[in-house]
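What you are looking at is a predicted structure, and each value in this text was computed from that prediction instead of being measured.
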Amino acid sequence: MTAPGAVSAIGADELLALYQQMAVIRRTEKAAHDLFLAGLVKGTTHLASGHEAIAVGASAALRPDDYVFAPYRA
């Protein structure tokens, strides 16, 4: 287990996997927004375009015993 605050090298395979996760997030949000614009999703959309790295990076740093919950405007 890596100590908190420790820096470790990230290999090319892991970097590619992180990039792919960011791309999936971007495409999923765009698809949801397109459905909203077409009138197929009611309510509104709050896109996070440009913020994908925050979600992917924070998730990559989680340990198995970490807890995460995501309140919206709590």
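To the nearest 0.5 Å, atom CG of residue Leu35 and atom NZ of residue Lys42 are 11.0 Å apart.
Each of Lys30, His33, Arg26 was checked for a side-chain contact (heavy atoms from CB on, under 4.5 Å) with Leu47, and the lone residue meeting it is His33.
The shortest heavy-atom contact between Phe36 and Thr45 is CB-CG2, 3.6 Å. Shown here for His46 and Glu29, the closest heavy-atom pair between the two residues is O-OE2, 4.3 Å.
Considering only heavy atoms from C-beta on, Leu18 comes within 4.5 Å of Gln21 through its side chain. Residues Glu14 and Leu16 are not in side-chain contact: their nearest non-hydrogen atoms beyond the backbone lie 4.5 Å or more apart.
Put simply, Tyr19 and Ile25 are part of the same group of oily side chains (I, L, V, M, F, W, Y) that touch within less than 4.5 Å, one to the next.
The local environment of CG in Asp13 is sparse, with at most 12 non-hydrogen atoms from other residues, nucleotides or ligands closer than 6.0 Å.
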